[in-house]
Amino acid sequence: MKVWGVTGWKNSGKTGLVERLVATFTERGLTVSTLKHAHHEFDVDQPGRDSHRHREAGAREVLVASDARLALIRENRGEDPPSFEDLLGRLGPADLILFEGFKTAPHPKIECWRGNDFGPLRAGQDPTIKAVAADRALDAAVPVLPLSDTRTIAAFIAADLGL
């Protein structure tokens, strides 16, 4: 599988870039899956729904399926969280896997930067960061691409992955 990440500090434009890249690559006929890291507890289920009731009763995994989609909900219940590679292994075949977050994943990434002061630029310190997508000119150890130019960023990723 071809795997590429989008990383950066909070509010740096990661989610918007991933969304635009998914649309760009799928327009080209590629199948794209995404993997998103959440720093907080989240819930895709709703209290009162049957699947939520199954989880509350103690089910470790609940698979909700319809003709349109499926969702697997797994409770870690004190276990170590799955590794990044384990999570990748749960995804079905795709031409490209885009991930958001997962700063320490061993796959190539682009770092989003909006000049925010949440933390320092990681490019140059992390060899997996191959480029920066920024809203302004930057002096960086890797290529700096315009954050708003999705086609240029997609072309950079495609060239690096041989897509």
Side-chain angles (χ1 to χ4, degrees), residues 1-46 69-76 78-163:
M1 287 190 296
K2 306 287 186 173
V3 180
W4 189 276
V6 176
T7 192
W9 299 101
K10 180 179 177 180
N11 295 323
S12 61
K14 299 179 302 293
T15 300
L17 179 57
V18 169
E19 180 181 20
R20 295 189 313 272
L21 287 171
V22 168
T24 299
F25 284 119
T26 57
E27 285 171 4
R28 295 179 183 181
L30 298 175
T31 56
V32 181
S33 293
T34 63
L35 179 54
K36 164 76 173 113
H37 183 260
H39 289 284
H40 47 80
E41 189 172 313
F42 68 94
D43 204 340
V44 296
D45 207 359
Q46 297 176 9
R69 69 187 50 90
L70 64 87
L72 176 63
I73 306 164
R74 183 174 193 270
E75 294 292 327
N76 289 335
E79 299 171 21
D80 288 337
S83 71
F84 180 80
E85 297 302 324
D86 289 339
L87 295 171
L88 279 179
R90 289 179 174 261
L91 296 173
D95 297 317
L96 175 62
I97 307 296
L98 292 172
F99 65 89
E100 180 181 338
F102 296 100
K103 287 182 173 97
T104 62
H107 298 277
K109 302 172 198 64
I110 190 162
E111 181 176 6
C112 290
W113 185 259
R114 281 194 177 147
N116 46 28
D117 54 7
F118 291 105
L121 193 63
R122 296 182 69 237
Q125 309 300 315
D126 179 346
T128 66
I129 295 176
K130 305 297 183 186
V132 174
D135 64 350
R136 64 195 66 179
L138 291 176
D139 183 22
V142 296
V144 178
L145 308 172
L147 180 59
S148 61
D149 190 348
T150 308
R151 296 223 179 270
T152 296
I153 295 168
F156 183 89
I157 293 169
D160 188 71
L161 294 175
L163 290 173

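Remember, predicted model here, so these are calculated numbers, not experimental data. These values consider heavy atoms only, across backbone and side chains, with no hydrogens, waters or symmetry-generated copies.
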Applying ring pair (Phe, Tyr, Trp, His ring centres under 6.0 Å) to Phe84 and not counting sequence neighbours gives Phe99, Phe102, His107
Residues Thr152 and Leu145: closest non-hydrogen pair is CG2-CD2, 4.1 Å
Do Trp4 and Asp160 come within less than 4.5 Å of each other through their side chains, counting heavy atoms only? yes
Taking distance alone, no hydrogens or angles, what donor-acceptor pairs closer than 3.5 Å link side-chain atoms of residues 137-144 to residues at least two apart or in another chain?
none

Heavy-atom closest pair (Leu17 atom, Cys112 atom, distance to 0.1 Å) is CD2-SG, 3.6 Å
Exactly one of Asp126, Val6, Leu121 clears side-chain contact (heavy atoms from CB on, under 4.5 Å) with Glu111, and that residue is Leu121
Taken in chain and number order and not counting sequence neighbours, the residues that satisfy side-chain contact (heavy atoms from CB on, under 4.5 Å) with Ala158 are Phe25, Arg28, Leu163
To the nearest 0.5 Å, atom CZ of Arg136 lies from atom CZ of Arg114 at 10.0 Å
On a heavy-atom basis, the closest approach of Pro82 and Leu87 is CG-CD2, 3.6 Å
Hey, mind stepping through Thr7 and Lys103 against side chain to side chain donor-acceptor pair (under 3.5 Å) and telling me if it holds?
-> CA-CA 6 Å; Thr7 192; Lys103 287 182 173 97; 4.8 Å; no
Heavy-atom closest pair (Leu147 atom, Ile153 atom, distance to 0.1 Å) is O-CD1, 3.9 Å
Smallest heavy-atom separation, Gln125 atom then Pro127 atom, equals O-CD, 3.8 Å
Given the options Leu96, Leu98, Ile97, Lys2 meets side-chain contact (heavy atoms from CB on, under 4.5 Å) only with Leu96
Salt bridge (Lys or Arg N to Asp or Glu O under 4.0 Å) pairs touching residues 83-102, sequence neighbours excluded, are Lys36-Glu100, Glu61-Arg90
So CD1 of Ile110 and OG1 of Thr128: to nearest 0.5 Å the spacing works out to 12.0 Å
Output for pair (Thr104 OG1, His37 NE2), nearest 0.5 Å, gives 8.5 Å
Arg151 meets the side-chain contact (heavy atoms from CB on, under 4.5 Å) criterion, sequence neighbours left out, with Thr24, Glu27, Asp149
Closest heavy-atom pair, Lys130 versus Pro108, reported as atoms and distance to 0.1 Å, is CG-CB, 3.9 Å
Sorted by chain and number, sequence neighbours left out, side-chain contact (heavy atoms from CB on, under 4.5 Å) with Glu79 holds for Arg60, Arg74
